[in-house]
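I have placed the structure first, in the form of structure tokens, so that the comments after it can refer back to it.
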Amino acid sequence: MSSIKLRAVVALSGLALVCAAQAAQKESAPPKKAAVHAKKAAAAKDPVAADFEKFHEIMEEDSPAELFEAKGAEMWKTKRGPKHVSLEKCNLGLGPGVVKGAYVQMPRYFADTGQMMDAERRIVYCMVKLQGFKEADLAKKPFSKGSYLPDPVALVTYVAGQSRNMKIAVPQKLPQERAAYKLGEEIFNYRAGPWDFSCATCHGEDNKRIRTQNLPNLASKVDAVRAFQGWPGYRMTGGLMHTLQWRMNDCFRQQRFPEPGYASETIADLLTYMGVNANGYLYKGPGIKR
Amino acid sequence: MKTFQASIFGAAALAIAFAAQAQDYRAQAISMMKRDFHAKGIAHMDRLNEDALQLICNRSHNEPPKGIAETLQHDQLATIQYPADGKFLGDWKAGEKLAQNGRGMTWKDGGKPSGGSCYNCHQIGPATTSFGDIGNSLLHFGKIRGYGPDVQKYVYGKIYNAKAYNLCSKMPRFGHSGTLTEKQIKDLVALLLDPNSPVNK
Amino acid sequence: MPDPMRIRATAKNGEVNVKVLMAHEMETGQRKDAAGKPIPAHFIKQVTATWQGKVVLSANWGTAIAKNPFLEFTFKGGKKGEKIQVTWNDNKGEKRSDEATIN
């Protein structure tokens with residue numbers, strides 16, 4: 001027993017300290033820091049941001065997202081639903097049963113439905129079509145909450161993990177796919193609601209922040225990858241796994257809009273716009289969020 | 001000469017065709033959103049309709065032609081309801097709380113009074129370092145711009161309806177949209193313009 | 001049944017580095033639900049790792065460990081191709097064991 005090194009608890013408490021220090025600094029940094037110009041803080045890396053990045057890297061190495069990938073992989077192979085079949089015949093765009101590389105090539109146009117479909121929309125379609133689940137049931141509680149994990153979230157995380165370290169290549173070959181990009185661009189820029197917000201209000205300029213949260217400029221080629229990268233993501237706050245369907249939903253909430261339909265065409269087109277803008281970058285797989 | 005003219009016509013026709021196509025996508029996108037969204041909590045479906053101002057900003061990529069911008073800004077200015085008692089300064093301490101509070105107007109809200117979400121986008125008081133930077137810094141606002149009645153009236157108006165001063169500003173119209181009450185706006189004016197507010201220390 | 005763990009074990013210079021991700025709520029018992037009722041505590045009490053029938057790690061855990069815990073440790077001995085087993089027991093009597101081959 002003497003030869004055993006126990007790093008576990010030490011490592012965990014170390015992380016907790018980083019977190020606590022982080023929180024403390026955020027709340028009560030000395031007044032001098034306030035004088036730092038906002039722009040500068042965003043552009044140059046301040047120590048707080050650098051610390052967080054380090055912490056992020058440590059967490060990313062062994063991301064809890066992998067637990068959800070494993071669960072999704074199991075679910076994918078298991079005979080489920082009223083029809084008691086697995087999802088192994090589900091066509092994610094590269095042929096029935098091909099999962100490898102499918103995630104980085106979605107959303108895409110599917111001739112069998114005549115619709116643009118992102119990964120989650122397509123998986124929901126397969127669950128309905130192949131396994132006999134009811135779409136309305138799947139749309140009822142589509143997001144993780146507490147210890148509740150919706151099936152499509154685990155499945156999307158598994159499928160996304162099968163595109164780890166592959167190039168993002170959201171297709172634009174078909175006229176429907178090009179039209180979806182254009183429609184997505186319009187949705188992205190559409191200002192409405194009581195606060196006159198569009199997606200672009202917060203995500204249309206470089207190096208901006210809301211509070212301390214950096215905002216990617218999703219209209220720019222350089223930044224757009226940040227909408228793709230890290231999703232699906234494990235949120236350390238609450239320990240919840242979330243997909244892009246959730247991210248879009250919560251953005252529209254904060255945009256003060258009504259609620260977008262789960263796995264709807266609006267979301268598929270919006271994701272097409274952002275996905276195509278991120279084309280060419282390497283997708284690192286399901287990620288981790290603060 | 002003829003070919004020159006023809007090419008001008010050609011270019012114009014092309015431009016019109018492009019514009020028509022862009023408009024087509026916009027119209028299609030809007031009707032798709034109206035089909036795909038549903039009301040939730042206080043967020044009703046009418047929120048997807050553009051008002052005249054949003055329509056102009058959406059169609060001009062937030063850079064409206066000068067003439068139109070001036071006219072519409074004038075219209076927005078006319079919507080501002082200034083306090084009946086003629087006083088603009090409320091309680092800066094209440095204002096600070098409002099500035100910190102980012103709640104309001106989402107489908108999860110309702111019932112409770114809204115906050116101003118000010119720190120989301122602006123640097124304001126020196127004690128808060130977790131401020132956003134979509135808006136400009138408001139630190140030392142009164143110290144720099146003075147504390148007079150004109151500045152007070154301007155700040156009240158800007159919070160009530162930011163679009164009266166910059167038509168396609170990113171800042172919400174807090175009074176016009178019914179997000180903040182007259183008293184709340186006064187408290188925020190005090191946060192920026194009360195000489196005792198930490199903003200001016 | 002509880003969800004599977006993810007275990008990665010790599011041998012290097014006579015030592016084996018083991019990384020384990022466990023799927024567990026790790027509920028402290030201190031939190032309340034939306035209705036104000038306390039959420040009952042539910043956490044891993046004990047973790048054991050065995051190699052060749054020998055216990056190489058044994059740990060008693062409490063509620064201070066975060067949800068979906070990550071554990072990393074090294075032990076001397078162990079070669080490629082050998083197996084390592086990890087087991088946890090929680091306060092509700094639930095249990096999960098998984099095995100991985102050392103790389």
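Lettering of chains follows the sequences in order, A, B, ..., and the numbering in each one begins at 1.
- The most heavy-atom pairs under 4.5 Å with chain B, out of A:Phe197, A:Tyr190, A:Phe257, A:Tyr262, come from A:Tyr190.
- In terms of heavy-atom proximity, A:Arg256 sits nearest to B:Gly102 at NH2-O, 3.4 Å.
- Other residues, nucleotides and ligands place no more than 12 heavy atoms under 6.0 Å from the CZ atom of B:Arg103.
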Side chain to side chain contact (heavy atoms under 4.5 Å, CB included) for B:Met33 and A:Leu183? Distances and angles first, verdict last. CA-CA 10 Å; B:Met33 290 169 86; A:Leu183 290 167; over 6 Å; no

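- Interface summary for chain A: among B:Asn136, B:Asn62, B:Leu53, the most heavy-atom pairs under 4.5 angstrom belong to B:Asn62.
- Interface remark: B:Leu55 contributes no atoms to any contact with chain A (heavy atom separation under 4.5 Å).
- By the 6.0 Å contact criterion, NZ on A:Lys141 is open, its count of non-hydrogen atoms from other residues, nucleotides or ligands being 12 or less.
- Summarising the geometry, atom CE belonging to B:Met171 is positioned 10.5 Å from atom CH2 belonging to A:Trp195; distances are rounded to the nearest 0.5 Å.
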Walk me through it: do B:Lys170 and A:Lys208 pass the test side chain to side chain contact (heavy atoms under 4.5 Å, CB included)? CA-CA 13 Å; B:Lys170 290 182 171 179; A:Lys208 290 287 176 190; 6.0 Å; no

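- By number of non-hydrogen pairs under 4.5 angstrom with chain A, the leading residue of B:Gly178, B:Pro172, B:Gly104 is B:Pro172.
- With rounding to the nearest 0.5 Å, the separation of OG in B:Ser177 from CG in A:Asp196 is 7.5 Å.
- Rounded to the nearest 0.5 Å, atoms CG (A:Asp269) and OH (B:Tyr25) are 11.0 Å apart.
- With a threshold of 4.5 angstrom between heavy atoms, A:Leu215 approaches chain B through side-chain atoms but not through N, CA, C or O.
- For A:Asn189, the part lying under 4.5 angstrom from a heavy atom of chain B is the backbone only.
- Only the backbone of A:Ala200 comes within contact range of chain B, with at least one heavy atom under 4.5 Å from a heavy atom of that chain.
- Taking all atoms of both residues into account, the shortest heavy-atom contact from B:Ala29 to A:Glu186 is CB-CB, 3.6 Å.
- Using a 4.5 Å cut-off between heavy atoms, B:Thr179 contacts chain A through its side chain alone, with no backbone atom that close.
- Residues from residues 36-52 of chain B that place a non-hydrogen atom less than 4.5 Å from a non-hydrogen atom of chain A comprise B:Asp36, B:Phe37, B:His38, B:Ala39, B:Lys40, B:Ala43, B:His44, B:Met45, B:Arg47, B:Leu48, B:Asn49, B:Glu50, given in numerical order.
- Taking CZ from A:Arg209 and CD1 from B:Ile134, the interatomic distance works out to 10.0 Å, rounded to the nearest 0.5 Å.
- Ranked by heavy-atom pairs shorter than 4.5 Å toward chain A, the options B:Met105, B:Gln28, B:Lys163 are led by B:Met105.
- Counting heavy-atom pairs under 4.5 Å between each of A:Gly261, A:Cys202, A:Ala192 and chain B puts A:Ala192 at the top.
- Between the side chain of B:Arg35 and the main chain of A:Thr266, no donor-acceptor pair closer than 3.5 Å is present.
- Interface remark: A:Phe252 contributes backbone and side-chain atoms alike to the contact with chain B (heavy atom separation under 4.5 Å).
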I'd like to know whether A:Arg191 forms a side chain to side chain contact (heavy atoms under 4.5 Å, CB included) with B:Cys168, so could you lay out the CA-CA distance, the side-chain angles of the two residues, the decisive distance to 0.1 Å, and finally the verdict. CA-CA 10 Å; A:Arg191 298 181 76 169; B:Cys168 297; 3.8 Å; yes

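- Proximity of A:Arg211 to B:Thr128: side-chain heavy atoms (C-beta onward) are separated by under 4.5 Å at one or more points.
- Each of B:His140, B:Gln100, B:His122 has some count of heavy-atom pairs under 4.5 Å with chain A, and the biggest count is that of B:Gln100.
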